[in-house]
Amino acid sequence: MFSPEFYLGRADRIARRLLGCVLVRVLGARIVAGRIVETEAYFSTNDPACHAHRGMTERNRVMFEQGGVAYVYFTYGNHYLLNAVTGPKGRPAAVLIRALEPLDELDLMRANRPGRRDLELTSGPGKLTQALAITGKLNGADLTDSPVMIAARNGGEDATRFRVGRSGRIGIREAQDKLARFYIAGNPHVSVRGPRVARAAKHTGKPQWAG
DNA sequence: AGAATGATCCTCT
DNA sequence: GAGGATCATTCTC
């Protein structure tokens, strides 16, 4: 696991560094794992897309904790979304984990998402929480020592090089100029959706897809 | 107290 | 490509 200091830096830097790392979910005797292939950074109170941009509420309370804990919240009446809180205590920022590449205990993921093809198990922020049984009970959990953790990439087969793609955030209207979404270019498990991103790319005239 | 909204997913066409 | 599901949180009256 990472030391807590890993989470104290800027959210966008950490979002990028989390690519290729391994999300670990401990379910009894089973260790469910997936490689992080897509993330999104949410900055502090000056980021209008950040839940905490208007100050602390009951819902976003854990975002104000010191980096290294999980911020899990419920949305759209159906889905839990998992974030890694970043930065020092009192400065609310986080990284949304948007997609995984399944690594371990695939059968458990399939059981949690019956009828889905393997490519659909964890290719989205709401899908991966369902596959890994992540709910609001894990809100505030310690990402360095708890049933949800994030591990560094191995020195072994996970150390393969990859290109990092970057774009505006998905499902967000505000602050598209921040280009706060990062993903492993070409990885089939990245959640793909186009319109908003395509519009943003056209608008700025700059290339926003790195593969 | 009531209404609007949303860091999404799924099922159609 | 479009719309419904579904409900906690937040904002407004």
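Here is the naming used below: chain letters follow the sequence lines, and residue numbers restart at 1 for every chain. Computed over heavy atoms, backbone and side chain alike; hydrogens, waters and symmetry mates excluded. These figures come from a predicted structure and were not determined experimentally.
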### Task
Figure out the CD1/C1' separation between A/I172 and B/dT8, and round it to whole Å.
12 Å

### Message
Quick check for you: among B/dA7, C/dA8, C/dT9, whose closest atom lies nearest to any side-chain atom of A/M63?
### Response
B/dA7

### Pairs flagged by salt bridge (Lys or Arg N to Asp or Glu O under 4.0 Å) wherever residues 69-93 of chain A is involved - sequence neighbours left out
A/E65-A/K89

### Query
Is the backbone N or O of A/N187 less than 3.5 Å from a side-chain atom of A/E101, with the two atoms forming a donor-acceptor pair by type?
no

### Message
Given B/dC9, C/dA8, C/dT6, identify the nucleotide with an atom nearest to the side chain of A/N78.
### Response
C/dT6

### Query
A/E40 CD to B/dG6 P: how many Å, rounded?
15 Å

### Task
Keeping the roles fixed (side chain from A/Q176, backbone from A/I172), state whether a donor-acceptor pair exists under 3.5 Å.
yes

### Message
Over all strands shown, is A/G126 touching base, sugar-phosphate only, or nothing at heavy-atom distances under 4.0 angstrom?
### Response
sugar-phosphate

### Query
Can A/Y76 be called stacked on B/dG6 when the rule is centres closer than 5.5 Å and an angle between planes below 30°?
yes

### Summary
Contacts satisfying side chain to side chain donor-acceptor pair (under 3.5 Å) that involve residues 68-81 of chain A (not counting sequence neighbours) are A/H51-A/Y71

## Note on the structure
Among C/dC7, B/dT8, B/dC9, the one nearest any side-chain atom of A/R113 is B/dC9

### Task
Classify the side chain of A/H79 versus the base of B/dA7 as yes if they form a donor-acceptor pair under 3.5 Å and no if they do not.
no

### Donor-acceptor under 3.5 Å (A/R169 side chain, A/A41 main chain)
yes

### Pairwise side-chain contact, A/D12 with A/F182, heavy-atom cut-off 4.5 Å (strictly under)
yes

### Message
Between A/R110 and A/D118, does any NZ, NE, NH1 or NH2 come within less than 4.0 Å of an OD or OE carboxylate oxygen?
### Response
yes

### Query
With a 4.0 Å cut-off, would you call A/E120 and A/R113 a salt bridge?
no

### Closest to side chain of A/R54, choosing from C/dA8, C/dC11, B/dC10
C/dC11

### Message
The side chain of A/Y73 is closest to which nucleotide in this list: C/dC11, C/dT10, B/dA7?
### Response
B/dA7

### Query
In dot-bracket form, how is DNA chain C paired, counting a Watson-Crick or G-U wobble pair only if both its distances are under 3.5 Å and using | for bases paired to another strand?
|||||.||||||.

### Query
Where the side chain of A/R59 is defined as all heavy atoms beyond and including C-beta, which of B/dC10, C/dT9, B/dA7 is the nearest nucleotide?
C/dT9

## Note on the structure
Among B/dT8, C/dT10, B/dC10, the one nearest any side-chain atom of A/R116 is B/dC10

### Task
May I have the distance from A/L82 (atom CG) to B/dT8 (atom C1'), rounded to whole angstrom?
15 Å

### Message
Expressed as a whole number of angstroms, how long is the span from A/F43:CZ to B/dA7:P?
### Response
16 Å

### Whole-Å gap separating C1' (B/dT5) and NE2 (A/H53)
13 Å

#### Entry: Rounded distance in Å - CD1 (A/I170) to P (B/dG6)
16 Å

### Query
Would one find a side-chain N or O of A/T57 under 4.0 angstrom from OP1 or OP2 of C/dT10?
yes

### Message
In whole Å, I'd like the distance from the CZ atom of A/R173 to the C1' atom of B/dA4.
### Response
14 Å

### Nearest-angstrom distance, P atom, C/dG4 to B/dA4
16 Å

### Message
What is the distance, to the nearest angstrom, from the CG atom on A/L81 to the C1' atom on B/dT8?
### Response
7 Å

